[in-house]
Amino acid sequence: TFFEAVQSLLSLISNDDNLNANGNIVLFVLLLRIIIGTSIHPRLNLLTGTIQRSLDDLWHTAILLLLVMSAFGLIAHWRFGGNMEEFSSMERALQTQMEMLLSGELMDGWNNNNDLIVYTVMFAVVGNVLILNFVLAIIVEAYMAVMKENEEKVFEMEFLTDIYFSLYAQLLGLMNSWPSHNRLLMALEERPAKLFVGFNDLSRTGLFRTQFSAVSFLNYYAGFDFLEAKL
């Protein structure tokens with residue numbers, strides 16, 4: 001019947017809305033995975049590294065912002081809620097304040113009432129001038145710390161260059177029968193600590209099939225300046 005067809009159509013629309021909502025969640029999760037994946041390389045770790053270093057301070061700033069927004073919202077709803085649509089409810093007051101905080105623009109008619117002028121100026125000073133600058137200072141400080149840490153990592157190079165040398169090392173390893181890095185590292189750690197690792201040290205591990213294999217390994221990694229021992 002007609003009503004059954006309408007009901008079926010409404011059900012299809014509802015299912016489509018649910019599918020779109022779930023798809024939106026999946027896309028945001030994938031976006032988050034991509035952002036987290038940038039931490040694989042120090043030069044790409046600027047975003048995730050900055051967030052990680054500033055997370056504790058940002059968390060406490062968020063608590064401070066919540067308290068300030070709630071206090072200003074209660075004042076605005078109590079004082080102006082009966083006359084202004086922007087503060088007619090606590091939810092509407094918080095929404096109005098968030099719009100002022102993020103846009104930096106004052107609401108229309110903010111200078112029509114002395115009490116409203118005082119409220120607006122105080123909110124602009126505390127919210128826009130102080131708290132937002134606190135957040136900016138926290139992020140900049142964390143970013144500078146990440147940059148300083150990257151400068152001290154002499155072993156890393158540009159992202160694409162690192163990819164090239166990593167793939168090239170894998171190819172040479174297959175061609176020259178190099179052992180895996182983990183096995184070689186474990187074998188060297190079992191030996192007495194030394195400042196230099198030479199041909200004899202590699203041969204004694206028993207992981208290289210031929211002398212040429214060990215020599216090719218040394219020749220390849222000798223080309224990286226950061227692997228030279230610092231006396």
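Numbers here simply count residues along the sequence, with the first being 1.
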Problem - Full working for ring-ring contact (aromatic ring centres under 6.0 Å, His included) between Tyr220 and Phe224 - result: CA-CA 8 Å; Tyr220 174 74; Phe224 298 97; 5.4 Å; yes
Any side-chain heavy-atom pair from [X] and [Y] closer than 4.5 angstrom?
X      : Y      : result
Tyr164 : Leu160 : no
Ile163 : Leu167 : yes
His60  : Leu64  : no
Met147 : Leu46  : yes
Leu184 : Leu202 : yes

Practice task
Hey, can you tell me if Trp178 and Tyr221 have their rings parallel, tilted or perpendicular (30° and 60° cut-offs)?
Solution key: tilted
Does atom [atom1] of [X] have more than 12 heavy-atom neighbours, drawn from other residues, nucleotides or ligands, at distances under 6.0 Å?
X      : atom1 : value
Gln52  : CD    : no
Gln211 : CD    : no
Leu102 : CG    : yes
Met107 : CE    : yes

Handout entry: Hydrophobic cluster identity match, Leu185 and Phe208, side-chain contacts under 4.5 Å
Key = no
I'd like to know if the side chain of [X] and the backbone of [Y] have a donor-acceptor N/O pair within less than 3.5 Å.
X     : Y     : result
Asn20 : Asp17 : no
Ser88 : Glu85 : yes
Thr96 : Glu86 : yes
Ser70 : Leu67 : no
Asn22 : Asn18 : yes

Grab the two heavy atoms, one from [X] and one from [Y], that are nearest each other, plus how far apart they are.
X      : Y      : answer
Gly73  : Ala93  : O-CB, 3.9 Å
Val146 : Asn45  : CG1-O, 4.2 Å
Trp110 : Leu116 : O-CG, 3.5 Å
Leu101 : Leu132 : O-CD1, 3.5 Å
Tyr143 : Thr50  : CA-OG1, 3.6 Å
Met100 : Leu106 : SD-CA, 4.4 Å

Problem - CG on Leu19 to CG on Leu12, rounded to 0.5 Å - result: 12.0 Å
Problem - With Phe87, the ring-ring contact (aromatic ring centres under 6.0 Å, His included) member among Trp78, Tyr119, Phe123 - result: Tyr119
Problem - Passing option when Leu94 is tested against Glu91, Gln97, Met98 for side-chain contact (heavy atoms from CB on, under 4.5 Å) - result: Gln97
